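As the structure is a computational prediction, the values presented were derived from the model and not from experiment. Throughout, residue positions are numbered sequentially from 1 according to the sequence presented.
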Amino acid sequence: VVGMGGLGKTTLVKKVYDHQIVRGHFVCHAWVSVSQSYNIEDLLRSVIKQFCEVRMELPPVGMDSMDEESLIKNLRDYLQQKRYVVVFDDIWKNDFWEGIKHAFLDNGKSCRIIITTRNLKVADFCNKSPHVSVLPYKLQPLPPEKAWKLFCKRAFQFDHGGYCPPELVKLKC
């Protein structure tokens, strides 16, 4: 999911990710916030820990001291026969995907990896992998009238029932 900052990419994906039907479709699920600075080993550990939590399993012994190669092997072995979904939220750089793609195998179980990014080049780069088959979804801003209505609903939800006070309407651009 691609779009400018503040557009609602994370909110949209989180709503889908948290939906009961989606959760029920996958045996394992993980949500990882990436942002501008990250460590691949820490991201892999986070995914493994979340998968184990969901299935009420103990993480692999010695996982905190494993190197990147061992973490990737462990994760690939773990996912061999499981249907999984992973969200990587707020990707900034192409090299993220280059570093993480080998950890997730296409096991024929309709697994999903979802990323959110502000950068279309990042989304296009991820899409060049052999087992990626979905074009980036470009989230568009709301039209001005819908944006105004949403703003008023949020800004004035407690004092004016979600409507802009008449004395402020004239300030609307």
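Counting heavy atoms from C-beta outward, Ile114 and Val85 have side chains that approach closer than 4.5 Å. Taking 4.5 Å as the limit, every side-chain heavy atom of Leu58 sits out of range of all side-chain heavy atoms of Cys52. Side-chain contact between Tyr84 and Cys111: present, with at least one pair of heavy atoms (C-beta onward) separated by less than 4.5 Å. Contact of the Val54 side chain with the Cys28 side chain is not registered, since no non-hydrogen atoms from C-beta on lie closer than 4.5 Å. Proximity of Arg112 to Phe26: side-chain heavy atoms (C-beta onward) are separated by under 4.5 Å at one or more points. Counting heavy atoms from C-beta on, the side chains of Leu44 and Ile40 come closer than 4.5 Å. Using a 4.5 Å heavy-atom cutoff, the side chains of Val34 and Asp90 are not in contact. Using a 4.5 Å heavy-atom threshold, the side chains of Ile91 and Trp97 count as separate.
His29 and Tyr17 have perpendicular rings, their planes meeting at more than 60° on a 0 to 90° scale where under 30° would count as parallel.
Here the side chain of Asp95 pairs no donor or acceptor atom with the backbone of Glu98 at under 3.5 angstrom. Judged by distance alone, with hydrogens and angles left aside, the side-chain atoms of Lys9 form a donor-acceptor pair with the main-chain N or O of Met4 at under 3.5 Å. Judged by distance alone, the side chain of His160 and the main-chain N or O of Gly162 form no donor-acceptor pair under 3.5 Å. Checking side-chain atoms of Arg45 against main-chain N and O of Met66 turns up a donor-acceptor pair under 3.5 Å.
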Let me see the working for Lys49 and Asp64 under salt bridge (charged side-chain N to carboxylate O under 4.0 Å, His left out), right down to the final yes or no.
CA-CA 10 Å; Lys49 285 178 184 175; Asp64 289 334; 3.5 Å; yes
With side chain to side chain contact (heavy atoms under 4.5 Å, CB included) as the criterion, how do Trp92 and Thr117 come out once you've worked through the C-alpha distance, each side chain's angles and the decisive distance to 0.1 Å?
CA-CA 6 Å; Trp92 285 71; Thr117 183; over 6 Å; no
Trp31 vs Val13, test: side chain to side chain contact (heavy atoms under 4.5 Å, CB included). Steps then yes/no.
CA-CA 10 Å; Trp31 181 285; Val13 172; 3.8 Å; yes
Would you please test Val32 and Val87 for side chain to side chain contact (heavy atoms under 4.5 Å, CB included) and show each step?
CA-CA 6 Å; Val32 182; Val87 175; over 6 Å; no
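For Phe51, the ring pair (Phe, Tyr, Trp, His ring centres under 6.0 Å) test picks out no residue, with sequence neighbours left out. With sequence neighbours excluded, no residue forms a salt bridge (charged side-chain N to carboxylate O under 4.0 Å, His left out) with Glu68.
Smallest separation of non-hydrogen atoms from Ser33 and Leu43: O-CD2, 4.3 Å. Closest heavy-atom contact between Met63 and Ile48: SD-CG2, 3.3 Å. Counting all heavy atoms, side chain and backbone alike, Asn119 lies closest to Val2 at C-CG1, 4.1 Å. Annotation for Leu139 and Gly8: closest pair CD2-C, 3.8 Å, computed over non-hydrogen atoms. Summarising the geometry of Leu79 relative to Asn107, their closest heavy-atom pair is O-ND2, 2.8 Å, with the distance given to 0.1 Å. Closest non-hydrogen pair, Glu41 versus Leu71, comes out as O-CD1, 3.6 Å.
In the hydrophobic clustering of ILVMFWY residues, with side-chain heavy atoms under 4.5 Å counting as a link, Val16 and Val1 come out together. Note: the hydrophobic cluster containing Tyr163 does not contain Val169 (ILVMFWY, side chain heavy atoms under 4.5 Å, direct or indirect links). The cluster map of Ile, Leu, Val, Met, Phe, Trp and Tyr, joined by side-chain heavy atoms under 4.5 Å apart, puts Val22 and Tyr137 in the same cluster. Note on Val27: it does not cluster hydrophobically with Val47, by side-chain heavy-atom contacts below 4.5 Å among ILVMFWY residues. Hydrophobic cluster membership differs between Leu150 and Phe156, with clusters built from Ile, Leu, Val, Met, Phe, Trp and Tyr side chains linked at under 4.5 angstrom.
Interatomic distance, CG of Leu105 versus CG of Leu75, reported as 8.5 Å (0.5 Å rounding). In this structure, CG on Leu7 lies 7.5 Å from CD on Gln140, to the nearest 0.5 angstrom.
Within a 6.0 Å radius of CD in Glu69, no more than 12 heavy atoms belonging to other residues, nucleotides or ligands are found. No more than 12 heavy atoms of other residues, nucleotides or ligands shown are found within 6.0 angstrom of CD on Gln20.
Annotation: cation-pi pair Lys82/Tyr78 present, NZ/CZ under 6.0 Å from the ring centroid and within 45° of its normal.
Among residues at least two apart or in separate chains, salt bridge (Lys or Arg N to Asp or Glu O under 4.0 Å) pairs with a member in residues 11-23 are Lys14-Asp18, Asp18-Arg23.
With ring centers used as reference points, Phe96 lies under 6.0 Å from Tyr38.
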